[in-house]
Amino acid sequence: MTTATTTRVATLADLAALEGRPLGTSSWIDIPQHRINTFADATDDHQWIHVDPERANAESPFGGPIAHGYLTLSLIIPMWDEVLTVDSVTMAVNYGLNKVRFTNPVPAEGRVRLNATLQSVEELPKGGVQVTVAGQIELEGSERPAVVVEAVYRFFE
């Protein structure tokens, strides 16, 4: 099992030196069927390819039940916390996503992790910085990532 590799800096000013560089890789997160079912309940998305293992095993082109793409994407939050730490930050917000592609289905009982690179750092007019991160949510055992994402975060000291 791979553990997280985290980039840690003291202040926001230290981020500029990391532009264009890999930040690290999170630890693996398990995607058991009960997590998929809980997500289906939370979002009212009970499509059979996610929540009916018998039917998915028999009829799905994926060979069994798969996680919702948005479930996999939502896991970027705990994975991101493992990839970058800025000690001086008092508040961080998800500002948005510039690009998201669901490139590979995540089977029930699969595992995913985040691999991230810092694309850019911009100072904000009223303080803080905005960072744009290129991420791949990797699927264990597959060369192709489950999700390719460009995420934008704002950090404040």
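From a predicted model like this one, the values you see are computed outputs, not experimental measurements.
Val152 and Leu118 fall into different hydrophobic clusters, where Ile, Leu, Val, Met, Phe, Trp and Tyr residues are linked whenever their side-chain heavy atoms come under 4.5 Å apart, directly or through other members. No continuous path of hydrophobic side-chain contacts links Leu124 to Leu18 [ILVMFWY only; heavy atoms under 4.5 Å]. Tyr153 is connected to Leu15 through a chain of hydrophobic side-chain contacts under 4.5 Å among Ile, Leu, Val, Met, Phe, Trp and Tyr, so both are in one cluster. Both Val106 and Ile137 belong to a single network of hydrophobic side chains, linked directly or stepwise wherever heavy atoms of I, L, V, M, F, W or Y lie under 4.5 Å apart. Under the 4.5 Å side-chain contact rule for hydrophobic residues, Val131 and Leu23 share a cluster.
Around atom CD of Glu123, no more than 12 heavy atoms belonging to other residues, nucleotides or ligands sit under 6.0 Å away.
Just one residue in the list Val149, Val147, Val148 forms a side chain to side chain contact (heavy atoms under 4.5 Å, CB included) with Pro145, and that residue is Val148. Just one of Asp87, Leu84, Asp14 meets the side chain to side chain contact (heavy atoms under 4.5 Å, CB included) condition when paired with Arg8; it is Asp87.
Across all non-hydrogen atoms, the minimal contact from Glu82 to Ala4 is OE1-CB, 3.4 Å. When all heavy atoms are compared, the tightest approach of Val86 to Thr11 is CG1-C, 3.6 Å. Residues Trp48 and Ala56 share a closest heavy-atom pair of CZ3-CA, 3.7 Å. Shown here for His50 and Asp45, the closest heavy-atom pair between the two residues is CD2-OD1, 4.0 Å.
If you check the side chains of Asn115 and Glu138, you find a donor sitting under 3.5 Å from an acceptor. Side-chain contact, Thr38 with Asp41: no donor N or O sits under 3.5 Å from an acceptor N or O.
Between Tyr70 and Phe102, the ring centre distance stays below 6.0 Å.
Under 4.0 Å is where a charged nitrogen must lie from a carboxylate oxygen, and between Lys99 and Glu150 no such pair does.
Taking 4.5 Å as the limit, every side-chain heavy atom of Phe156 sits out of range of all side-chain heavy atoms of Val89.
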